[in-house]
**Q** 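Below is the structure I would like to discuss, written out as structure tokens.
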Amino acid sequence: MAQKPSIPKGTRDFNPAEVAKRNYIFETIKAEFKKFGFQPIETPSFENSDTLMGKYGEEGDRLIFKILNSGDFLKKADSKAYEVKDSLKITASISEKALRYDLTVPFARYVVQHQNEIDFPFKRYQIQPVWRADRPQKGRFREFFQCDADVVGSKSLWQEVEFVQLYDAVFSALKLEGVTIKINNRKVLSGFAEVIGEKDKLIDFTVALDKLDKIGEEGVVKEMMQKGIAESAIEKIQPIFKLQGSFAEKINGIKAILKTSETGKEGIKELEFIEQAIQEMPLNSAKLDLDVTLARGLNYYTGAIFEISAPENVKMGSIGGGGRYDDLTGIFGLKNMSGVGISFGLDRIYLVLEELNLFPKAVTQNTKALFINFGDKEALYALKAVQKLRKENITAELFPDSSKMKKQMNYANKREIPYVILAGGEEMEQEKFTLKNMKSGEQQKVDFAAMVKTLS
RNA sequence: GUGGUUGUAGCUCAGCUGGUUAGAGCGCCGGAUUGUGGUUCCGGAGGUCGCCGGUUCGAACCCGGUCUUCCACCCCA
């Protein structure tokens, strides 16, 4: 065999069964998005580099796939950067476009660009692939789909409440139980930093705090100290490492710490608002939990922060996330436009559903009936019936070649087609069809109407 | 981006301290069975051992590079 072709690292092919299952997830999510009043938009797979660069932090810039300029790009390259082999600097001069890294920033760009045509508050959903030049791992790909729903143009906390409900609605529809919707608030995190007098180290502080469940209290303290946060400061917020119990109990715990921080208190108020609303309208299958260590994500979150944990028995990173960003469109010149949104990680949800065996059987079902081909005369008779069946909304097909019976039956068997229809000279004369149930092996000679009845 | 790991038939994997023609199970193709599949029996095809180079009389096996897989870190869906 010749050299086998291959696909790039971190990308995948999807076979028919996989596509069917993925579509099932897409359709389920989409149906809930629509029920909540979101409308779809789509944006290009690549954007101008300056739309994306600098929006995800230094780390993010590194993970953005850059597209090489067409033509004689070296002619226009930054020769100084080239001389000293400064990859970072030369990139800007040889690449002007980049593959989209997420759906939020392109959405912000979209809102600013089309601000005059949009009726605010604007609720949009978007399901498209994104690309990251990351090193792949389980559930981590270089091309994957995000399913986002966002609202811009409203500061109302009712949006947050609705997003919690939307998460719950989607996971309930997917029959995925035991999902935890973790919530936090940027203002609470700012409050912590303020209280300990390390306001300017907010990012370092939250990034370290975010790792609590992974590296433990000791690890977090160590990392904070490495980042230059004073030991005495860390001691002050020690209680947050040990927060336990119900949502309300945890709130009480942080209230004590944040009593001197106006920002912090505001964050608490927001969290309480959302929690109380959810208590009035209980969730179906998911659980809402406060996690003050949750920092997750992008620096532009200003209020609520969401992250979705898969059920405990599945080893998988977060399967969704989101939050409130007061000033995302500000980067593109549109001020005072608050947005809040959530995202579903389709590829990871797939892995979780697969692991827990939660895909409905019907998802992969395809053709209902296969007509055996006995020759041209019989094939014509069969195809006429196929055409009529399709008009009845029944998926049917004719085996294209008059191959051996064994081969045709085998084909039906392999494809798990539930019915095979045999129609030869005898059936043609009587205007009937021999309908064989592939599972039971039973067969009977029926007329078209009876066949439709069995197949529908 | 850093450190580690993996790659042998379509698939899952054997293959001893380097030693002739690299194996198994499953699958595939053909036949027993030319209007009856999933069971059984018989036969068959299919491998530059990820790729490139090196060491050696000799490499699937040792060494280097590269690609890929998975894992940890970074970060994240």
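Here the structure is a predicted model, which is why all the values come from computation and not from measurement. Every chain is numbered from 1, with letters handed out A, B, ... down the list of sequences. We use all heavy atoms of the structure for the numbers below, so side chains are in, but hydrogens, waters and symmetry mates are not.
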**Q** Give me the distance, rounded to whole Å, that separates B:G44 from B:U68 when you measure between the P atoms they each carry.
**A** 40 Å
**Q** Between B:C49 and B:U8, how far apart are the two C1' atoms, rounded to whole Å?
**A** 4 Å
**Q** What residues, two or more places apart in sequence or in another chain, satisfy side-chain contact (heavy atoms from CB on, under 4.5 Å) together with A:Glu270?
**A** A:Leu157, A:Asn185, A:Lys187, A:Glu266
**Q** Grab the N/O contacts between the protein and nucleotides 64-71 of chain B below 3.5 Å, and write none if there aren't any.
**A**
residue : atom : partner  : partner atom : Å
B:U68   : OP2  : A:Lys9   : NZ           : 3.4
B:U69   : OP1  : A:Gly10  : N            : 3.3
B:C71   : OP2  : A:Lys138 : N            : 2.2

**Q** Which protein N or O atoms sit under 3.5 Å from an N or O of nucleotides 26-28 of chain B?
**A**
residue : atom : partner  : partner atom : Å
B:C28   : OP1  : A:Lys414 : NZ           : 2.0

**Q** Looking at every strand, decide which applies to A:Gly424 at a 4.0 Å heavy-atom threshold: base, sugar-phosphate, or nothing.
**A** base
**Q** Give the rounded distance in Å between these two atoms: CD1 of A:Ile417 and C1' of B:U36.
**A** 15 Å
**Q** Just the rounded figure in Å: distance from P of B:C74 to CG of A:Asp204.
**A** 13 Å
**Q** Could you write out RNA chain B as a dot-bracket string, with dots for unpaired bases, | for bases paired across to another strand, and Watson-Crick or G-U pairs counted at under 3.5 Å?
**A** ((((..(..((((.....[...)))).(((((.......))))).....(((((..]....))))))..))))....
**Q** In terms of side-chain heavy atoms of A:Arg62, which of B:C76, B:G1, B:G30 is nearest?
**A** B:G1
**Q** Any N or O donor-acceptor pair linking the side chain of A:Glu427 to the base of B:G35 at under 3.5 Å?
**A** yes
**Q** Can you check the distance between B:A14 and B:C51, where both ends of the measurement are the C1' atom (answer in whole Å)?
**A** 24 Å
**Q** Considering residues at least two apart in sequence or located in another chain, which fulfil the side-chain contact (heavy atoms from CB on, under 4.5 Å) criterion with A:Gln443?
**A** A:Thr434, A:Lys436
**Q** Applying side-chain hydrogen bond (donor to acceptor under 3.5 Å, both in side chains) as the test, list every pair that has at least one member in residues 399-408 of chain A; sequence neighbours left out.
**A** none
**Q** Roughly how many Å apart are B:U17 and B:U56, using the C1' atom of each and rounding to a whole number?
**A** 16 Å
**Q** Kindly state each residue pair satisfying ring pair (Phe, Tyr, Trp, His ring centres under 6.0 Å) with at least one member in residues 402-433 of chain A, sequence neighbours excluded.
**A** A:Tyr381-A:Phe433, A:Phe399-A:Tyr411
**Q** From NZ of A:Lys66 over to C1' of B:G1, roughly how many Å is that when rounded to an integer?
**A** 12 Å
**Q** Given atom CZ of A:Phe171 and atom P of B:A77, what is their separation to the nearest angstrom?
**A** 13 Å
**Q** Assuming nearest nucleotide by heavy-atom distance, tell me which of A:Asp347 and A:Glu442 is located more 5' along RNA chain B.
**A** A:Glu442
**Q** Specify the separation, in whole Å, of atom CE of A:Met438 and atom P of B:U39.
**A** 12 Å
**Q** Which nucleotide, B:A77, B:U36, B:C75, lies nearest any side-chain atom of A:Phe144?
**A** B:A77
**Q** Flag the pair A:Tyr301 / A:Phe306 as yes when their ring centroid distance falls below 6.0 Å, and as no otherwise.
**A** no
**Q** Taking the six-membered ring for Trp, is the centroid-to-centroid distance between A:Phe163 and A:Phe36 below 6.0 Å?
**A** no
**Q** Between A:Lys9, A:Arg142, A:Arg62, A:Arg140, which is the residue that forms a salt bridge (charged side-chain N to carboxylate O under 4.0 Å, His left out) with A:Asp134?
**A** A:Arg140
**Q** Quantified in whole Å, what is the C1' atom distance between nucleotide B:C57 and nucleotide B:G18?
**A** 12 Å
**Q** Of A:Ser440 and A:Arg140, whose nearest nucleotide on RNA chain B comes first from the 5' end?
**A** A:Ser440
**Q** I'd like to check the side chain to side chain donor-acceptor pair (under 3.5 Å) partners of A:Asp291; sequence neighbours left out, ordered by chain and number.
**A** A:Thr293
**Q** List the residues meeting salt bridge (charged side-chain N to carboxylate O under 4.0 Å, His left out) with A:Glu42, not counting sequence neighbours, and say none if there are none.
**A** none
**Q** Would you say the side chain of A:Gln443 and the base of B:U36 hold a donor-acceptor pair, judged only by whether the two atoms sit under 3.5 Å apart?
**A** yes
**Q** If we require ring centres under 5.5 Å and near-parallel planes under 30°, does A:Phe344 stack on B:A77?
**A** no
**Q** How far does the C1' atom of B:G4 sit from the matching atom of B:C11, given to the nearest Å?
**A** 27 Å
**Q** Give A:Val130 one of three labels, base, sugar-phosphate or nothing, depending on what nucleic acid heavy atoms sit under 4.0 Å from its own.
**A** nothing
**Q** Base, sugar-phosphate, or nothing: which does A:Leu422 touch, judged by heavy atoms less than 4.0 Å apart?
**A** base
**Q** Indicate, with a heavy-atom threshold strictly under 4.0 Å, whether A:Glu59 touches base, sugar-phosphate, or nothing.
**A** base
**Q** Any pair with a residue in residues 128-153 of chain A that passes ring pair (Phe, Tyr, Trp, His ring centres under 6.0 Å), sequence neighbours left out, goes on the list, sorted by first then second residue, please.
**A** A:Phe26-A:Phe145
**Q** Determine, using ring centers only, whether A:Tyr125 and A:Phe38 are less than 6.0 Å apart.
**A** no
**Q** I need the OH-P distance between A:Tyr101 and B:A77, as an integer number of Å.
**A** 7 Å
**Q** Report yes or no: does A:Asn184 contribute a side-chain atom to a donor-acceptor pair with the main-chain N or O of A:Leu294 at less than 3.5 Å?
**A** yes
**Q** Nearest whole angstrom, please: distance from the P of B:U34 to the CZ of A:Phe374.
**A** 14 Å
**Q** Suppose you measure atom P in B:G27 against the same atom in B:C63; what distance do you get, rounded to whole Å?
**A** 38 Å
**Q** Between A:Asp168 and A:Asn284, is there a donor-acceptor pair closer than 3.5 Å when you use the side chain of the first and the backbone of the second?
**A** yes
**Q** Identify, with sequence neighbours excluded, every residue that meets salt bridge (charged side-chain N to carboxylate O under 4.0 Å, His left out) alongside A:Lys66.
**A** none
**Q** Any donor-acceptor pair under 3.5 Å linking the side chain of A:Thr395 with the backbone of A:Thr367?
**A** no
**Q** Using the C1' atom in both, what is the distance from B:U5 to B:A77, to the nearest Å?
**A** 25 Å
**Q** Hey, does the side chain of A:Lys211 come within less than 4.0 Å of B:C75's phosphate (OP1/OP2), counting only N and O?
**A** yes
**Q** Between the base of B:U34 and the side chain of A:Lys404, is there any donor-acceptor pair under 3.5 Å?
**A** no
**Q** Between the main-chain N or O of A:Leu63 and the side-chain N or O of A:Tyr56, is there a donor-acceptor pair closer than 3.5 Å?
**A** no
**Q** Given B:C73, B:G35, B:G37, identify the nucleotide with an atom nearest to the side chain of A:Met409.
**A** B:G37
**Q** Among residues 29-45 of chain A, which ones have heavy-atom contacts with RNA chain B below 4.0 Å?
**A** none
**Q** Rounded to whole Å, please give me the gap between CG in A:Leu63 and C1' in B:A77.
**A** 13 Å
**Q** Strictly by modelled atom types, are A:Arg324 and A:Ser338 linked by a side-chain donor-acceptor pair under 3.5 Å?
**A** yes
